[in-house]
Amino acid sequence: MDAPGNLREDRLREIVDQCLRLALPEALPLPAEDEDWIASGALDSMAHVDVLLCIEKAAGLTNVFNRVEAHLPRSRRSVFHTLRAASSEQKQSVESQRLETEHRGSASVGISGWGIALGSVRVKAAALEREYSLAPGTLEQRAGIESVARVKVQEDEITLAHRAVKAALDQSGVDAGDVDWIVASSETFLGYPSLGSLLHSRLLARDTCGVLDIGGACVGLLHCLAVARSLVVAGMASRVLIVTGDVHSRPLAAGRVPGEFGGLFGDGASAFVLGSVDEAERTPPYRLGEFQFGCAGTFAAALAVGTGASGEVTLKFEGEALARAAVGRLERIIADLELRSGVPRAQVSSFATHQPNPRLVELLARQAEVPLEKFPVVAKTCGNLGSSTCGVALSMALAEHGGKSADQRGPIFLAAVGPGMLWGGGILY
Amino acid sequence: MKKLLITDITRMVQGFCVIGLERQGQSFCSVRPLPPWGNAWTGFPYQRGDILQFLLSSIPTVSPHVEDHPSSGVLGKAGQVSEADLVGYLHKAETSENLRGLFKCVVNENTKGSGVYVEPDTALRSVCGCEVLNVRFQLFSEAVRVTLLLPSGEILRDLPVVDRDWNEYIARVLQKITGANRLHRVNRFLNLVMAEYLLNDANPFARIGLTRLHNEKHWLMLDSLFPLPRMAWFDQLS
């Protein structure tokens, strides 16, 4: 199938005729090239708009006819000319984007908007310990958790994600109708339709806006960023909406899993708008740089969450082993990013990493020899938010540094690990 | 003589179609007073919320337009209610939270183009109200389409907007916005500003109607969208 903008003229003519044919009564021949469809009585005004929408979709082009000033084209020839002009415009745009990408590598995709949403209820560590029948201090002293964010009855992954998306779209000034892809991740939303498709409906995105739900648990956001970047670089999308949403408080409720595990988690969501970056801007948005991913199967057995035959949550959680492995891997990702990018960690503005619990963040900062202040505070006050931990941390980092000029800010390092043990890292410049 | 609370005034090719509510005990039902000749009123100098008096005949009607009642014209205005009250009454008339309940039949997507329709002889009524969770406008130079999200999570895509007030308002927006990429900017204004006002209202509500038989189908259209557009929203244009 040809990409939009690459359609040959004869194919464009075929599309016009085929879509027109669909709307005409069977007995009626195709109107002549210059025959006015409405004046001749072949179509009424409602069917006319239907045909134009049909043509837009078939050609894979958007906003073709709703930009036409004066009267909409009403003949095969005038519709073809409008379509050809739009196709040519699209082709030039894709080509210039491709050349720009070739010239600058992958650094021309940036984040123009971001948003977060946390569960509305804050539950203090002491209350959590009582709820999970844990010894006093188990969560507060040992794990360093002060509170976790939890959803109210009316909230869920969709409502949180929707709030985060609205904030991201507002900040970027992008309308939901202009989004080409929604790329979503959640480690708790297991139903169908998927999180991405439900958000698509909630936002009334275009019906030609694609939806992609991606796994990876705590690494989910990094997977989304890498995929979204590829969609833009490949010319398949101009704007991509990334969203994560996780509500742990329901599947990991007291009585279903041990408190040492369930008590660490909170509920939250994050969203980002990605698109091509105009480097001429005085304060250019953070751009996506290199990403790397892998899977260290050695530690796969340290954490396993599943569902038993009777629907109960099954959990295998070797906390000590997992903590050691997670911190070691996160530190290694930071070192690899440093090597690959040539940016010393001291110059990094912020480390938007996964945060299994606050003590491990402190340990990571100590081992990596970077100031703890460079890690946005997420797990300490909100709990481990799963795929949204990295998202919320990244949003906080962008809020702090995104408004600064390029010479007054350093890169942001992303690093995450998840069950498997999956791992991923990335850099924002 | 019957009093009808006017709820919908929509554009038809030849004029206007009008629907009102008639009280039936604690609830309300929709009545479509037809002019003495034809289906469309050539002029209708009244507003939604007006309470008008009609002399209605009870000639049998053709499904799904069971609300049709030929009249002898408007006999007078008996009063008017606020928009908030009007929407409150509409909640007590025909409503549905999902596609299937709108006209008590299966609703189909047009596989040959855009829009949504019901097959002939399947719908039990031709107008129904629903709450609106989200709205998106798509403006062409001569037509406005709208996509709505229902409480059930189902979407009504590409409905023609026949609401008289919204059409007139959008025509004014078009006059007000000038310069390059005008239609694109109007579309953005509709979806970023007006849709926001609309959805921030306590009670966004739509009335969906069915066309007469057209290409062998009854097509869904947006008869009314509340809150009605406000002149104050123009301030955002600057």
Side-chain angles (χ1 to χ4, degrees), chain A residues 18-26 28 38 43-58 62-74 82 158-159 162 165-166 169-170 172-179 193 197-209, chain B residues 11 13 109-117 132-150 152-162 174 177-193 195-196 199 211 214-217 219-221:
Chain A
Q18 284 170 351
C19 293
L20 180 58
R21 179 72 271 161
L22 286 170
L24 292 172
E26 278 180 24
L28 210 63
I38 294 179
L43 297 180
D44 57 24
S45 57
M46 185 171 145
H48 177 217
V49 174
D50 280 342
V51 170
L52 297 181
L53 285 170
C54 179
I55 290 168
E56 272 191 8
K57 284 178 191 171
T62 52
N63 299 325
V64 175
F65 296 105
N66 65 8
R67 285 173 181 257
V68 175
E69 298 285 340
H71 296 294
L72 290 170
R74 294 173 167 194
T82 307
I158 306 290
T159 55
H162 188 232
V165 164
K166 283 207 72 165
L169 289 173
D170 282 352
S172 66
V174 169
D175 180 70
D178 293 332
V179 172
S197 62
L198 286 171
L199 274 171
H200 186 284
S201 297
R202 187 69 68 97
L203 295 167
L204 292 182
R206 286 196 324 264
D207 58 354
T208 51
C209 165
Chain B
R11 281 183 172 177
V13 179
E109 275 197 318
N110 181 11
T111 54
K112 295 180 175 179
S114 64
V116 204
Y117 66 89
V132 173
L133 297 191
N134 201 354
V135 60
R136 171 161 299 281
F137 294 92
Q138 196 174 9
L139 175 69
F140 297 87
S141 67
E142 293 135 6
V144 187
R145 296 288 176 109
V146 73
T147 298
L148 302 175
L149 176 64
L150 303 185
S152 61
E154 293 163 305
I155 290 177
L156 285 169
R157 217 173 259 283
D158 295 330
L159 300 185
V161 177
V162 292
L174 274 165
I177 294 182
T178 55
N181 296 320
R182 189 174 66 116
L183 281 179
H184 181 61
R185 288 189 290 127
V186 174
N187 268 306
R188 284 181 67 84
F189 172 72
L190 295 177
N191 288 308
L192 291 179
V193 179
E196 193 70 22
L199 296 169
T211 63
H214 179 85
N215 292 339
E216 299 171 5
K217 293 172 174 50
W219 297 87
L220 276 68
M221 53 192 174

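These numbers come from the heavy atoms of this one structure, side chains and all, not from hydrogens, waters or symmetry mates. Predicted model only: the values in this text are computed from it and were never measured. We name chains A, B, ... by the order of the sequence lines, and we start the count at 1 in each one.
- Neither the backbone nor the side chain of Asp170(A) comes within contact range of chain B; no heavy atom of the residue lies under 4.5 Å from a heavy atom of that chain.
- The contact between Leu149(B) and chain A is made by backbone and side chain atoms together, counting heavy-atom distances below 4.5 Å.
- Most heavy-atom pairs under 4.5 Å with chain A: of the set Glu196(B), Met221(B), Arg136(B), this distinction falls to Arg136(B).
- In this structure, no portion of Leu174(B) lies under 4.5 Å from any heavy atom of chain A.
- Heavy atoms closer than 4.5 Å to chain B are found in the side chain of Leu53(A), but not in its backbone.
- Both the backbone and the side chain of Asn191(B) come within contact range of chain A, with heavy atoms under 4.5 Å apart.
- With Trp219(B) contributing its side chain and Gly115(B) its backbone, the two residues share no donor-acceptor pair below 3.5 Å.
- Arg202(A) touches chain B through backbone and side chain together, each having a heavy atom under 4.5 Å away.
- A donor-acceptor pair under 3.5 Å is formed between the side chain of His48(A) and the backbone N or O of Pro73(A).
- Rounding to the nearest 0.5 Å places CZ of Phe65(A) at 11.5 Å from CD of Gln138(B).
- A salt bridge is absent between Asp175(A) and Arg206(A): the closest approach of a Lys/Arg side-chain nitrogen to an acidic carboxylate oxygen does not fall below 4.0 angstrom.
- Heavy atoms of Val49(A) lying under 4.5 Å from chain B belong to its backbone as well as its side chain.
- Comparing Ile55(A), Leu22(A), Asp178(A) by heavy-atom pairs within less than 4.5 Å of chain B, the highest count is held by Leu22(A).
- Among the candidates Arg188(B), Arg185(B), Glu154(B), the residue making the largest number of heavy-atom pairs closer than 4.5 Å to chain A is Arg188(B).
- In terms of heavy-atom pairs under 4.5 angstrom with chain A, the leader among Asn187(B), Asn110(B), Val186(B) is Asn187(B).
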